[in-house]
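Heads up: the structure comes next, in structure tokens.
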Amino acid sequence: MARLIDDEPFSFTIDKKHTIFVPVELNKQIRKEFFLVAKELENY
């Protein structure tokens, strides 16, 4: 998932009524957090 994030805004679709918009300014932080989650899952 983290590898798919680049320098464009994107949205997470939760269900038909809920979507989370992520602006470009937050991409680096979201990407970093996804990599941290992946690292923890690998160590699990």
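One-based numbering along the sequence shown.
Pairing each heavy atom of Pro23 with each of Pro9, the nearest pair is CA-CB, 4.3 Å.
Atom CG of residue Leu41 and atom CG of residue Leu36 lie 11.0 Å apart, to the nearest 0.5 angstrom. Going from atom CG of Asn27 over to atom CZ of Phe34 covers 10.5 Å, rounded to the nearest 0.5 Å. Rounded to the nearest 0.5 Å, atoms CZ (Phe35) and CD1 (Ile5) are 8.5 Å apart.
Residues satisfying the ring-ring contact (aromatic ring centres under 6.0 Å, His included) criterion with Phe10, sequence neighbours excluded, are Phe12.
Enclosure of atom CG in Asp6 by more than 12 non-hydrogen atoms of other residues, nucleotides or ligands within 6.0 angstrom is indicated.
Follow the hydrophobic side-chain contacts under 4.5 Å out from Ile14 and you reach Met1 in the same cluster.
Residues in residues 33-44 take part in these side-chain hydrogen bond (donor to acceptor under 3.5 Å, both in side chains) pairs, two or more places apart or across chains: Gln29-Glu33.
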